[in-house]
2 protein chains.
Amino acid sequence: MIMRKRNRPPIHPGEIIKYDYLEPLSLSVTELAKHLHTSRVTASNIVNTHAPVTADMALRLAKAFNTSAELWLGLQKQYDLWHAEHDSDEWQQASILPILSHHITPA
Amino acid sequence: MIMRKRNRPPIHPGEIIKYDYLEPLSLSVTELAKHLHTSRVTASNIVNTHAPVTADMALRLAKAFNTSAELWLGLQKQYDLWHAEHDSDEWQQASILPILSHHITPA
DNA sequence: GCTTAGTGCAAAGCATAGCTTTACACTAAG
DNA sequence: CTTAGTGTAAAGCTATGCTTTGCACTAAGC
């Protein structure tokens, strides 16, 4: 499987919601919140990429937009991965080496 | 894309670690923990499916086992989704309906 | 037998995440 | 001006994810 390394942050699921669903459907954030049975603040935070799409929320989005929950959580996963790799303490990751066959600690 | 609904919980990434990596490599949980620069308890919890593979941990596993972080986080994602769908308050999800074209609240 | 390495698991502490309600200031439309 | 919608902040709450410590168990070595 070809895996090209991203040099830019993957899109946040909130952007998809905004541009691919809310705008075409001329659906407001407030209406979205009601539909998802969540608070307006939470809906707004997701749409504005300030809050993540959790597994639970992915299921709700899937029902609301008749899509798959995998889609939404997959987008979030890519987003999380990228930021975990870039925003965090990089020294930590750098110090992890591949485990080879000679992993046994030589006494 | 064919999407078959699972009737059983997806495998936890910890099981993959255990059977596909630790055992073949005869690598101990303690050694794994050291390699990942995490505590033995955390490593044990993951291997025994009691703790999730986070984005950060997925990156470490990827480095250690020379795999992709997407693999590990993807497994976790499937696991989370399934449990969010089954373990939780199902009434909540059931009440969410597809947003149709006539989403405008009729006054 | 005894010791040593490894194990799972529980407990406690701590920081962060994710959600809630409330509130405020802003825009756009009637 | 009023009304609906908005973004964002603040505070509170619960749940997560990680840590260290501790304990009881197993298996392997002598």
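As the structure is a computational prediction, the values presented were derived from the model and not from experiment. Order of the sequence lines fixes the chain letters, A, B, ..., with proteins taken first and strands second; residue numbering starts at 1 for each chain.
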For DNA chain D, whose closest nucleotide is more 5', that of B:T54 or that of A:N48?
-> A:N48

Rounded to the Å, how far apart are A:N45 CG and D:dT8 P?
-> 8 Å

B:D56 CG to C:dA15 P, in whole Å, measures 18 Å

Under 4.0 Å: is that the gap between some side-chain N or O of A:S39 and OP1 or OP2 of C:dT20?
-> yes

Base partner of C:dT22, which must satisfy Watson-Crick or wobble distances under 3.5 Å | D:dA9

B:D87 has an atom CG; how far is it from atom C1' of D:dA15, in whole Å?
-> 15 Å

Nearest to the side chain of A:T38, which nucleotide is it out of D:dT6, D:dG22, C:dC19?
-> C:dC19

Closest non-hydrogen contact found for A:A43 with A:A33 is CB-CB, 3.7 Å

Short side-chain N/O contact from B:T42 to OP1 or OP2 of D:dC18, under 4.0 Å | no

Looking at B:K77, B:H83, B:Q76, which hits side-chain hydrogen bond (donor to acceptor under 3.5 Å, both in side chains) with B:D80?
-> B:Q76

Is there a side-chain polar atom (N or O) of A:H50 under 4.0 Å from OP1 or OP2 of D:dG7?
-> no

Of the candidate nucleotides D:dT8, D:dG5, C:dG8, which contains the atom at the shortest distance from the side chain of A:T30?
-> D:dG5

Kindly compute the distance separating CZ (B:F65) from CG (B:L36), expressed to the nearest 0.5 Å.
-> 6.5 Å

Just compare C:dG18, C:dC19, C:dC9 and give me whichever is closest to any side-chain atom of A:M57.
-> C:dC19

Between C:dC19 (C1') and A:H37 (NE2): distance, integer Å = 16 Å

Tell me: CG of A:L36 to P of C:dG18, nearest whole Å?
-> 17 Å

Protein-nucleotide distance (B:R40, atom CZ; D:dT19, atom C1'), rounded to Å = 13 Å

Transitively linked via ILVMFWY side-chain contacts under 4.5 Å: A:L59 with B:Y79?
-> no

Listed nucleotide nearest any side-chain atom of B:V41, set D:dG7, C:dT20, D:dT19 = D:dT19

Using atom CD1 of B:I46 as one end and atom P of C:dG8 as the other, report the distance to the nearest whole Å.
-> 12 Å

Can any side-chain N or O of B:H12 pair as donor or acceptor with the backbone N or O of B:A51 at less than 3.5 Å?
-> yes

Provide, to the nearest angstrom, the distance between the NZ atom belonging to B:K34 and the P atom belonging to C:dT7.
-> 10 Å

